[in-house]
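For the single chain, residues carry numbers from 1 onward in sequence order. Basis for what follows: all heavy atoms, side chains included, without hydrogens, waters or symmetry-related copies.
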Amino acid sequence: MPWIILFVAGLLEVGWAIGLKYTEGFTRLWPSVGTVAAMVLSVSLLGLAMRTLPVGTAYAVWTGIGAVGTVILGIVLFSEPATAARLGCVG
């Protein structure tokens, strides 16, 4: 169960990272509310998963899901470049 919680926390990290783009500097109310909610829930679930999982492992998995997911969605949603160097660094 802690791995599932950690996976959901990672997906929420992707959600708030992408959500930051839609807040336009926290000037748009509903995207800002959703982004902050995803932030709080993501970190809360990470803390819950860390009750069982080692801190280094949990944090590495959480940030890895967040980084890779955000790069992929940035490419898909915002037409960000998918250069070999960028993909190689993320990999």
Asks: State which residues pass side chain to side chain contact (heavy atoms under 4.5 Å, CB included) with Ala58; sequence neighbours excluded, sorted by chain then number.
Replies: Leu6, Leu46, Met50, Leu53

Asks: What's the spacing between Ile4 CD1 and Leu45 CG if we round to 0.5 Å?
Replies: 12.0 Å

Asks: Restricting to pairs with a member in residues 64-76, which pass side chain to side chain donor-acceptor pair (under 3.5 Å), not counting sequence neighbours?
Replies: none

Asks: Where do Val14 and Ile65 come nearest, in terms of heavy atoms and distance?
Replies: CG2-O, 3.4 Å

Asks: Suppose the criterion is salt bridge (Lys or Arg N to Asp or Glu O under 4.0 Å): which pairs have a residue in residues 44-63, not counting sequence neighbours?
Replies: none

Asks: Supply the atom-to-atom distance Thr35 OG1 to Leu20 CG, rounded to the nearest 0.5 angstrom.
Replies: 5.5 Å

Asks: For Ser42, give me all partners under side-chain hydrogen bond (donor to acceptor under 3.5 Å, both in side chains), at least two apart in sequence or on another chain.
Replies: Trp62

Asks: According to side chain to side chain donor-acceptor pair (under 3.5 Å), does anything in residues 9-19 pair up with another residue at least two apart or in another chain? List the pairs.
Replies: none

Asks: With Ala60, which residues qualify under side chain to side chain contact (heavy atoms under 4.5 Å, CB included), at least two apart?
Replies: none

Asks: Suppose we screen for ring pair (Phe, Tyr, Trp, His ring centres under 6.0 Å). Which residues come up paired with Tyr22, at least two apart in sequence or across chains?
Replies: Phe78

Asks: Which residue pairs pass the side chain to side chain donor-acceptor pair (under 3.5 Å) test when at least one of the two sits in residues 79-91, sequence neighbours left out?
Replies: Glu80-Arg86

Asks: Looking at Ala49, is its backbone amide N or carbonyl O close enough to the side chain of Thr52 to form a donor-acceptor pair, meaning the two atoms are under 3.5 Å apart?
Replies: no

